[in-house]
Undergrad: 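What follows is a single structure, and I will ask about it in a moment.
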Amino acid sequence: MLLKLKEDLKQSVQAAYDVTMDDNAIILSPTKKEFNGDYTFVVFPLVKTLKNNPQVIAETIGNEMVKSSELVDGFNVVKGFLNLSLTSIFWDALLNDVSKSDFGIQSPNGKKMMVEFSSPNTNKPLHLGHIRNILLGWSISQIAEANGYEAIKTQIINDRGIAVCKSMISWQKFGKGETPQSTGIKGDHFVGKYYVQFEKAFQEEYKDWQKGEGQNVYTENRKEAEGAEAFFKRYKNQYFNEFSKIGKETKAMLIKWESGDEETVALWEKMNNWVYEGFEKTYQALGVSFDSINYESETYLLGKATVEKGLKEGLFYKKDDGSVWVDLEDAGMDHKIILRSDGTSVYMTQDLGTAQMRYEKFGIDSMIYTVADEQDYHFKVLFEILKRLGEPYADQLHHLSYGMVDLTTGKMKSREGTVVDADDLVVDVFEAAKKSSTERGGLEGMEEKEKDKIYNKIGLAALKYFIIKINPRKRMTFDPNESVDMQGTTGPYIQNAYVRIQSVLRKVKQSGFNEVPFKGEITYNNLDKEILVMMESYPSVIAEALEKYDPSVVANYCYTLAKSFHRYYHDNVILDTENPKVSSYRINLATSLGKLLAKGMKLLGIEMPDYM
RNA sequence: GGCCCCGUAGCUCAGCUGGAUAGAGCAACUGACUUCUAAUCAGUAGGUCCCAGGUUCGAAUCCUGGCGGGGUCACCA
């Protein structure tokens, strides 16, 4: 309906000035509350071409519109702002638009967009950082689908390497044959426990060494005025590689794994499967799933052929030691290694190969990598190299970069055990929702099982919304108390708007009220108009969210819509059998608004309860 | 040090590709539930939009230079 208004505006300009406006130059925005009118047209951009003062132009166009458009019945001009007042024809039609069952659903555009997110290591359980990643990735995939794309959700699991071997060695040494089944510990936590135990054992070994042999190494290798503590902190990796007994065992295991040693591979598979079972439970609890999973054990050799190809084409160069590099200085970057001197892959090699594999396998048109912002440079380089290789999808790659999650007590560090566990968090928010709901008593008389489902929806809404409402680019501080807030700008606040609507609709049904036609017979007040305008903007909101790769756009939209509804609900009686026309209209509005809220929140991975 | 990101109310954050008097929530204070769910609503108070220049009818927004915070510059991932 807004299109029609724009068209009328365009024609009015044509009629008054004989100038054809470019469609996307016609910017109509909702009029600010402080002024009279419904939509505002800013005439400043026209001043130059029309060579007249803004006041005159605005009045001329305004007059023309009142005369020729059935949608406009008045206007006022403040400086260069033309505020148009619209007729009920417009509002009737707008309500009609937003009430359609397919409103806000884009028809498929035939394009495939792959979204990579989560991508954990198999040596420890998922934590708060993964949750931000997962929510962003999941949400952007939903938003892509809402915009007509076919989204393919994927993750690449880091299931190999030295870290994974640490857990394996540790379990061999200290596990005494324990399993997740025998201990009742969730698989990923179980393996994580041994990873932690490895670190502990290693630290003890390191400490002992520092008192003996390490002393000589310290005096020989320390920097000027470097204390023992600082030195040994810096030297840790080197110790692991050169002196550590447990380190040697771990490296030996990695080599055995790479050579395909049966026993090692069997242990590796057994332990990874424990982890996958655990991950699966966490994903289920968070309500996310994947369409395709890559394992590094299967992709880490990819990309070597590409390096060869690039070498032949002169895109890369080989150093004397045999390592392969790419020179990106002309693009403002530096030289980057893409193959080690011993011919083994680095991360970049694998990423090049995996991108090509995904393109070939799925025929994707574009890809989004959901990875924390510490890897900004890596992806800049990756995309540049793919571009130079002439990959057809190279300009359709995007890094959905997000800031790290800090705690109120400081940074999360797995080494220091300050991470917030994902599973714990899900339990915490459930409990908080339960407590809150019980205090309010809105679910009394319901079966426990049903109640639990609702607590879960509310708790997850609080947690998810708390994280997803923040612009991904920004580093965020996770305050556990605020994450379970249920008032104000929160998930439960939005759910509550929806629940109130469902409650009214139940009442309507019970009362046996029959809806009657109302078009052309009701007057729209300011809040009616505000809400309709907002609802109308939904398609452009989800388009913007995808364009900016930013789900928080949708989160903020849902909040504003819920807020308006809460006020509407407070100020207006929706079911009023004395006024069937107005009631019919309001029921219509509330129904559509409820659906829209649910639709928007679904894009964030948040479900709506019918009661709360 | 080079490059990238961030800086808006006491706190957490919005502010769309430049538009009218910069907005929410939390925290504080005041009111509103025998009426469709008060997880709500209405109100009070709270601002050098980090600083300084520049671009123009108009700058929180764009440009330049600073300041502060974070990240990154490995034959790690």
Side-chain angles (χ1 to χ4, degrees), chain A residues 24 27 29 31-32 34-35 40 42 44-45 47-48 53-54 78-81 83 121 158 161-163 237 296 319 321-325 332-334 336-342 344-348 350-351 371-378 380 401 403-404 406 411 433 436-437 439-442 458 462 466 469-471 473-477 479 481-482 485-497 499-508 510-511 537 540-541 544 547-548 552-553 555-556 559-560 562-563 565-576 586 590 611-612:
Chain A
N24 50 22
I27 298 163
S29 44
T31 302
K32 297 225 170 190
E34 309 86 69
F35 300 91
T40 296
V42 183
F44 286 112
V47 170
K48 269 181 194 162
N53 82 59
V78 181
K79 293 189 226 168
F81 299 88
N83 302 318
N121 298 351
N158 183 1
I162 199 79
N237 270 336
E296 283 202 1
K319 281 191 180 173
D321 63 5
S323 56
V324 180
W325 297 71
M333 291 170 252
D334 56 12
K336 201 79 195 166
I337 188 161
I338 50 179
L339 200 66
R340 292 198 187 99
S341 54
D342 63 2
T344 58
S345 303
V346 289
Y347 189 43
M348 192 64 75
Q350 183 187 165
D351 269 2
V371 181
D373 63 5
E374 58 188 352
Q375 291 190 37
D376 282 356
Y377 185 65
H378 172 80
K380 227 180 133 187
S401 164
M404 296 288 198
D406 292 324
K411 286 186 191 179
S436 185
S437 176
E439 279 168 9
R440 291 169 219 273
I458 297 172
F466 179 72
K469 73 175 177 188
I470 296 169
N471 187 321
R473 246 193 336 270
K474 292 191 178 177
R475 220 180 157 88
M476 68 169 286
T477 307
D479 183 330
N481 297 320
E482 283 180 28
D485 265 356
M486 315 226 166
Q487 287 164 20
T489 317
T490 67
Y493 173 94
I494 299 168
Q495 288 179 320
N496 185 232
V499 165
R500 286 175 130 185
I501 291 169
Q502 303 320 305
S503 179
V504 177
L505 296 181
R506 282 192 294 269
K507 174 117 182 177
V508 169
Q510 279 167 17
S511 72
S537 70
S540 69
V541 167
E544 184 193 343
E547 200 177 312
K548 293 163 101 175
S552 74
V553 169
N556 287 317
Y559 171 72
T560 330
K563 186 176 165 60
F565 178 76
H566 275 308
R567 189 146 64 92
Y568 191 84
Y569 181 88
H570 181 268
D571 294 351
N572 302 283
V573 178
I574 292 175
L575 176 61
D576 175 8
R586 287 178 181 164
Y611 301 84
M612 69 191 290

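All figures in this text were calculated on a predicted structure; none of them were measured in a lab. Chain naming here is simple, since letters A, B, ... match the order of the sequence lines and numbering starts at 1 in each.
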Undergrad: Excluding sequence neighbours, so at least two apart, what forms ring pair (Phe, Tyr, Trp, His ring centres under 6.0 Å) with A/Y347?
TA: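 Residues passing ring pair (Phe, Tyr, Trp, His ring centres under 6.0 Å) with A/Y347: A/H378.
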Undergrad: Check the distance between B/G25's P and A/I494's CD1 and give it to me in whole angstrom.
TA: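 Checked: the CD1 to P distance equals 13 Å.
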Undergrad: Pairs under 3.5 angstrom, nitrogen or oxygen only, protein versus nucleotides 14-21 of chain B, please.
TA:
| unit_1 | atom_1 | unit_2 | atom_2 | d |
| --- | --- | --- | --- | --- |
| B/A14 | OP1 | A/N471 | N | 2.8 |
| B/A14 | OP2 | A/K474 | NZ | 2.6 |
| B/A20 | OP2 | A/K32 | NZ | 2.7 |
| B/A20 | N6 | A/T40 | OG1 | 3.0 |
| B/A20 | N6 | A/N83 | OD1 | 3.1 |
| B/A20 | N1 | A/N83 | OD1 | 3.4 |
| B/A20 | N1 | A/N83 | ND2 | 3.4 |

Undergrad: B/G23 and B/A45: how far apart are their C1' atoms, nearest whole angstrom?
TA: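 Taking atom C1' in both B/G23 and B/A45, they lie 16 Å apart.
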Undergrad: Output the distance between atom NE2 (A/H566) and atom CD1 (A/I494), rounded to the nearest 0.5 Å.
TA: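 These two atoms lie 8.5 Å from each other.
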Undergrad: Counting side-chain heavy atoms from C-beta on, which of B/C36, B/G25, B/A39 comes nearest to A/M612?
TA: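 Looking only at side-chain atoms, A/M612 lies closest to B/A39.
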Undergrad: Test your reading of the model: is there a side-chain donor-acceptor pair from A/T490 to the backbone of A/Y493, 3.5 Å cut-off?
TA: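 Between the backbone of A/Y493 and the side chain of A/T490 there is a qualifying donor-acceptor contact (under 3.5 Å).
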Undergrad: How close or far is atom C1' of B/C26 from atom CG of A/D485, stated in whole angstroms?
TA: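 Going from A/D485 (CG) to B/C26 (C1'), I get 7 Å.
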Undergrad: By nearest nucleotide on RNA chain B, pick out whichever of A/R506 and A/F466 is the more 5' one.
TA: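 Per heavy-atom nearest nucleotide, the more 5' residue is A/F466.
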Undergrad: If we take the P atom in both B/C67 and B/A52, what is their distance in whole Å?
TA: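 Result for the P pair: 15 Å, nearest Å.
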Undergrad: Is the glycosidic torsion of B/C62 within 90° of 0, making it syn, or is it anti?
TA: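 In terms of base orientation relative to the sugar, B/C62 is anti.
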Undergrad: Nearest to the A/P492 side chain among B/A77, B/A39, B/G71, which nucleotide is it?
TA: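 From the listed options, B/A39 comes nearest.
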Undergrad: Is any side-chain heavy atom of A/M348 closer than 4.5 Å to a side-chain heavy atom of A/I337?
TA: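 Heavy-atom side-chain distance check fails, nothing below 4.5 Å.
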Undergrad: For A/E482 and B/G25, give me the distance from atom CD to atom C1', rounded to whole Å.
TA: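 Roughly 10 Å, once rounded to whole Å.
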Undergrad: Sticking with atom P, work out how far B/G43 lies from B/A59, rounded to a whole angstrom.
TA: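 Taking atom P in both B/G43 and B/A59, they lie 30 Å apart.
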Undergrad: Strictly by Watson-Crick or wobble contacts shorter than 3.5 Å, is anything paired with B/C57, and which nucleotide is it?
TA: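 Base-paired to B/G19.
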Undergrad: Without swapping roles, check the side chain of A/N496 against the backbone of A/P492 for a donor-acceptor pair under 3.5 Å.
TA: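 A pair under 3.5 Å: no.
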Undergrad: Does some side-chain heavy atom of A/M404 sit less than 4.5 Å from a side-chain heavy atom of A/K411?
TA: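 Answer no - side chains too far apart.
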Undergrad: Is there a side-chain contact between A/R473 and the phosphate of B/C5, meaning an N or O under 4.0 Å from OP1 or OP2?
TA: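 It does not, given that no N or O in the side chain of A/R473 lies less than 4.0 Å from OP1 or OP2 of B/C5.
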Undergrad: Can you tell me how far C1' of B/G71 sits from OH of A/Y377, to the nearest Å?
TA: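 Value for this atom pair: 14 Å.
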Undergrad: What distance, rounded to whole Å, do you find between the two C1' atoms, one in B/U8 and one in B/C13?
TA: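 9 Å, rounded to whole Å.
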Undergrad: Any strand is fair game: report the nucleotide pairing with B/C29 by Watson-Crick or G-U wobble, both distances under 3.5 Å, or none.
TA: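 WC or wobble partner is B/G43.
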Undergrad: Mind calculating the distance between CD (A/E374) and P (B/C5) to the nearest angstrom?
TA: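 Checked: the CD to P distance equals 17 Å.
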Undergrad: Expressed in angstrom and rounded to an integer, what is the separation of A/I574 atom CD1 from B/U35 atom C1'?
TA: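 It works out to 14 Å between those atoms.
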Undergrad: What contact category does A/V499 fall into here, base, sugar-phosphate, or nothing, at under 4.0 angstrom with non-hydrogen atoms?
TA: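 Base, at least one base atom sits under 4.0 Å.
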Undergrad: State whether A/R340 places a side-chain N or O below 4.0 Å from either non-bridging phosphate oxygen (OP1 or OP2) of B/A77.
TA: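 Result: yes.
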Undergrad: Here's a test of your reading of the structure: between A/S436 and A/L339, which maps to the more 5' nucleotide of RNA chain B?
TA: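 The residue mapped nearer the 5' terminus is A/S436.
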Undergrad: Report, one pair per line, the protein and nucleotides 40-42 of chain B atoms (nitrogen or oxygen only) whose separation is under 3.5 Å.
TA:
| unit_1 | atom_1 | unit_2 | atom_2 | d |
| --- | --- | --- | --- | --- |
| B/U40 | OP1 | A/G488 | N | 3.2 |
| B/U40 | O2' | A/R500 | NH1 | 2.8 |
| B/C41 | OP1 | A/Y493 | OH | 2.5 |
| B/C41 | O2' | A/H570 | ND1 | 3.0 |
| B/A42 | OP1 | A/R567 | NE | 3.3 |

Undergrad: List the atom of A/F44, the atom of A/P54, and the distance in Å for their closest heavy-atom pair.
TA: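 That would be CE2-CG, 4.0 Å.
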Undergrad: Considering only the P atoms, how many Å lie between B/U61 and B/G15, rounded to the nearest integer?
TA: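 It works out to 15 Å between them.
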Undergrad: How many Å lie between NE2 on A/H378 and P on B/C76, as a whole number?
TA: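 Answer to the nearest Å: 14 Å.
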Undergrad: May I ask you to say what A/N572 touches in the nucleic acid, namely base, sugar-phosphate or nothing, with a heavy-atom cut-off under 4.0 Å?
TA: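 Base, at least one base atom sits under 4.0 Å.
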Undergrad: Under 4.0 Å between any heavy atoms, over every strand shown, what does A/S540 touch: base, sugar-phosphate, or nothing? Just pick one.
TA: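 Answer is nothing: A/S540 stays at 4.0 Å or more from every strand.
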Undergrad: Classify A/I162 by what it touches in the nucleic acid, base, sugar-phosphate, or nothing, heavy-atom distance under 4.0 Å.
TA: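 Since no nucleic acid heavy atom lies under 4.0 Å of A/I162, the category is nothing.
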Undergrad: When you compare B/G46 with B/G10, how far apart are their P atoms, in angstrom units rounded to a whole number?
TA: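 Between the two P atoms, the distance is 11 Å.
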Undergrad: Taking atom types as modelled and ignoring hydrogens, do the side chains of A/T477 and A/D406 form a donor-acceptor contact shorter than 3.5 angstrom?
TA: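 Their side chains do not contain a donor-acceptor pair, so the 3.5 Å distance test is not met.
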Undergrad: Tell me what A/M333 touches on the nucleic acid: a base, only sugar-phosphate, or nothing, going by heavy atoms under 4.0 Å.
TA: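 No contact.
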Undergrad: A/K336 side chain N/O closer than 4.0 Å to the phosphate oxygens (OP1, OP2) of B/U72?
TA: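 Indeed not, no polar side-chain atom of A/K336 lies that close.
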Undergrad: What heavy-atom pair brings A/L575 and A/S511 nearest, and what distance separates the two atoms?
TA: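 Here A/L575 and A/S511 meet closest at CD2-OG, 3.7 Å.
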Undergrad: With a non-hydrogen cut-off below 4.0 angstrom, is A/Q502 in contact with a base, only sugar-phosphate, or nothing?
TA: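 Result for A/Q502 = nothing.
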Undergrad: B/G2 C1' sits how many Å from A/K380 NZ, rounded?
TA: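 Whole-Å distance recorded here is 11 Å.
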Undergrad: Between A/M486 and A/A462, which heavy-atom pair has the shortest distance, and what is it?
TA: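 That would be CE-CB, 4.4 Å.
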Undergrad: What's the gap between B/A20 and B/G58 when it is taken at their P atoms, as a whole Å value?
TA: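 Result for the P pair: 14 Å, nearest Å.
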Undergrad: Mind checking who B/C36 pairs with, Watson-Crick or G-U wobble, both distances under 3.5 Å?
TA: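 Across any shown strand, B/C36 pairs with none.
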Undergrad: Consider only side-chain N and O atoms of A/S401 and A/D376, and report whether a donor and an acceptor are under 3.5 Å apart.
TA: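 On atom types as modelled, these side chains qualify, holding a pair under 3.5 Å.
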Undergrad: Kindly say whether A/V573 contributes a backbone atom to a donor-acceptor pair with the side chain of A/R586 at under 3.5 angstrom?
TA: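 At least one qualifying donor-acceptor pair exists.
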Undergrad: Does A/Y611 reach a base, just sugar-phosphate, or nothing at all? Heavy atoms under 4.0 Å.
TA: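 Answer is base: heavy atoms of A/Y611 come under 4.0 Å of a base.
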Undergrad: Taking all heavy atoms of A/Y559 and all of A/G488, pick out the closest pair and write down the distance.
TA: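 Closest approach of A/Y559 to A/G488, heavy atoms only: CE1-O, 3.8 Å.
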Undergrad: Could you check which nucleotide pairs with B/G1 in any of the strands shown, counting Watson-Crick or G-U wobble with both distances under 3.5 Å?
TA: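 When the pairing criteria are applied, B/C73 turns out to be the nucleotide that pairs with B/G1.
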Undergrad: Could you tell me which nucleotide pairs with B/G65 by Watson-Crick or G-U wobble geometry, both distances under 3.5 Å, or answer none if nothing does?
TA: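 Base partner found: B/C51.
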Undergrad: With rounding to the closest Å, how many angstrom separate the C1' atoms on B/A27 and B/U44?
TA: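 Roughly 15 Å separates the two C1' atoms.
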